[in-house]
J.: 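Following this message is one structure expressed as structure tokens.
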Amino acid sequence: MRNIDHLVVGGPGNASGRTKEVYNPSTGEVQAKVALGDTALLDRAVEAAKKVQPEWAMTNPQKRARVMFRYKELIEANMDDLARLLSSEHGKVIDDAKGDVQRGLEVIEYACGIPQVQKGEYTIGAGPGIDVYSMRQPLGIGAGITPFNFPAMIPMWMFGMAIACGNAFILKPSERDPSVPVRLVELFLEAGAPEGLLQCVHGDKEMVDAILDHPDIAAVSFVGSSDIAHYVYKRGVDNGKRVQAMGGAKNHGIVMPDADLDQVVNDLTGAAFGSAGERCMALPVVVPVGDDTAERLKAKLIPAIEALRVGVSTDPEAHYGPVVTAEHKARVEQWIDTAEKEGGDIVIDGRGFSLQGHEKGFFVGPTLIDRVTTDMESYKEEIFGPVLQIVRAKDFEEALSLPSKHQYGNGVAIFTRNGHAAREFAARVNVGMVGINVPIPVPVSYHSFGGWKRSAFGDTNQYGTEGMKFWTKVKTVTQRWPDGGGDGSNAFVIPTMG
Ligand code: NAD
């Protein structure tokens with residue numbers, strides 16, 4: 001049995017002695033055990049980070065960027081191995097796993113431009129002989145607590161920006177698929193980062209609480225489910241930390257009567273079922289506008305969904321693989337039960353799905369539920385599985401109000417050929433990230449990622465200039481250099497040596 005250890009200066013240790021099983025979701029077998037750390041381990045990591053961070057903060061930005069450049073090359077060289085490892089613990093197919101690494105890598109590429117991004121502002125002549133300049137200084141030690149569903153991308157969103165800005169960073173990845181985060185930290189050290197700048201501690205609530213309570217950790221970035229995000233936000237802020245905490249989602253895809261339905265169906269099969277629906281930017285709710293649109297869409301969706309191939313994560317033909325754990329499979333199936341009891345019409349039922357030869361794998365078949373209404377619990381809550389719900393709207397205004405009033409506000413998409421409708425929708429919808437004929441509108445690395453309402457607590461997004469702002473604080477200097485060196489003579493004096 002492989003053991004997955006902490007990566008902290010001075011060796012892993014594991015005083016707590018607690019461990020947790022890591023599964024291969026395609027086979028249902030335990031393939032490794034991950035150590036669960038405690039406060040003593042975190043203290044050690046923080047002490048090591050404190051030793052290295054001040055010098056890193058004073059390292060000129062071009063030298064910091066050089067480490068990022070070398071890291072980018074190492075990630076590229078290791079892409080296939082990282083994707084295989086990721087796929088074996090998460091269950092997403094290899095192409096999706098490569099996408100996971102690739103989207104994180106793009107933030108590292110952005111961080112290579114940190115000398116430009118972190119430049120301050122300057123005003124000459126704000127008053128007689130007075131100039132004002134502001135600089136963005138790192139916070140010190142930052143920590144990241146990440147979810148299982150993007151074990152490469154989300155850690156890189158966080159530490160890529162934090163470290164490029166001059167901070168040290170402690171990563172606490174999901175205990176369900178921790179191997180890739182460990183590998184990412186190893187590669188960062190290989191890229192020439194000083195020891196202690198980036199460390200990885202594993203754990204569950206005990207470790208998360210230790211991070212939130214540690215007086216020397218200045219900022220915490222969290223991504224995960226909303227109740228935990230809210231908890232992390234409150235406890236971190238109460239302890240005087242800067243906190244950004246991204247939560248769950250229930251993204252809607254609005255289908256206007258004039259949309260290209262073949263394109264919509266193609267987009268929906270990827271966006272609702274890809275990665276087994278375990279994406280915070282998945283599209284698990286489709287909102288056709290008008291009954292005629294609903295019927296036409298459903299007629300095209302059914303054969304497309306029935307044609308989806310569910311397979312082990314290494315199957316190159318599979319559209320998607322298993323969900324992450326047996327518990328999660330049970331939870332997704334319970335949500336389908338609930339939807340049925342609430343009066344949803346189960347058009348395609350993925351419960352009880354079993355893959356021949358892999359009967360112990362955590363597979364859920366693709367599921368389509370029609371006649372879903374806003375009072376249903378299965379609509380209000382996140383299911384996070386390969387389940388697509390149809391909520392019919394009578395007109396544009398009703399369709400606009402559905403995502404706007406939902407408790408989550410991560411992403412939304414509208415499919416239409418009408419530019420005016422799209423423009424109106426983008427301006428008025430109460431959601432943080434909008435796609436127009438784009439089903440999964442995850443912003444590129446030089447914009448920034450963040451939802452609204454219960455999808456994000458705190459007010460700064462991930463990566464881009466928003467990420468730089470989160471990981472730095474502003475210092476503003478107002479300086480006056482009076483003419484004549486201050487002796488009142490008003491003479492212009494150039495100081496000389498000796
Ligand atoms: P999760 O909330 O279970 O876990 C996230 C992190 O919190 C993990 O590191 C975990 O160890 C820790 N944690 C778990 N229970 C805890 C507790 N009681 N106290 C303190 N810490 C705890 O989330 P998950 O299942 O790993 O990930 C899926 C969720 O993440 C979904 O809700 C998804 O929508 C969300 N997500 C959101 C975004 C976004 O940017 N908004 C991105 C990806 C995933």
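Every number for a ligand or one of its atoms is a count from 1 in the order of the listing. For reference, positions follow the sequence shown, starting with 1. Keep in mind that this is a model prediction, so the values were computed, not measured.
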J.: Starting from atom 19 (N) of ligand 1, what is the nearest protein heavy atom, named by residue and atom, and what distance separates them?
T.: Lys205 CG, 3.5 Å
J.: Is the ring centre of His447 less than 6.0 Å from the ring centre of Tyr110?
T.: no
J.: Test your reading of the model: is there a side-chain donor-acceptor pair from Arg235 to the backbone of Asp213, 3.5 Å cut-off?
T.: no
J.: If the threshold is 4.0 Å, N to carboxylate O, is there a salt bridge linking Lys72 and Glu109?
T.: yes
J.: For atom 34 (O) of ligand 1, what's the nearest protein heavy atom and its distance?
T.: Glu382 OE2, 2.6 Å
J.: Check each atom of ligand 1 against the heavy atoms of Gly248 and keep those under 4.0 Å away; list them by number with element.
T.: 32 (O), 34 (O)
J.: Near Thr146, which atoms of ligand 1 are under 4.0 Å from a heavy atom of that residue?
T.: 6 (C), 8 (C), 9 (O)
J.: Mark up the atoms of ligand 1 that fall under 4.0 Å of a heavy atom belonging to Glu175, in ascending order.
T.: 10 (C), 11 (O)
J.: Is the distance between the ring centroids of Tyr379 and His406 less than 6.0 Å?
T.: yes
J.: Going by an N to O cut-off under 4.0 Å, is there a salt bridge joining Asp81 and Arg183?
T.: no
J.: Are Arg176 and Glu278 within salt-bridge range, i.e. N to O under 4.0 Å?
T.: no
J.: Counting only heavy atoms, tell me which of Lys172, Arg235, Arg176 gets closest to atom 3 (O) of ligand 1.
T.: Arg176
J.: Quick test: of every protein heavy atom, which one is nearest to atom 27 (O) of ligand 1, and how far off is it to 0.1 Å?
T.: Pro147 CB, 3.2 Å
J.: Out of Ile228, Asn149, Asn251, Val232, whose heavy atom sits nearest atom 18 (N) of ligand 1?
T.: Ile228
J.: Among Trp157, Phe449, Tyr408, Phe384, which residue places a heavy atom closest to atom 33 (C) of ligand 1?
T.: Phe384
J.: Report the nearest protein non-hydrogen atom to atom 42 (C) of ligand 1: residue, atom name, distance rounded to 0.1 Å.
T.: Cys280 SG, 2.9 Å
J.: Given Ala245, Ala456, Gly450, Ser225, identify the one with the heavy atom nearest to atom 1 (P) of ligand 1.
T.: Ser225
J.: Above 12 or not: heavy atoms from other molecules or residues under 6.0 Å from NZ of Lys380?
T.: yes
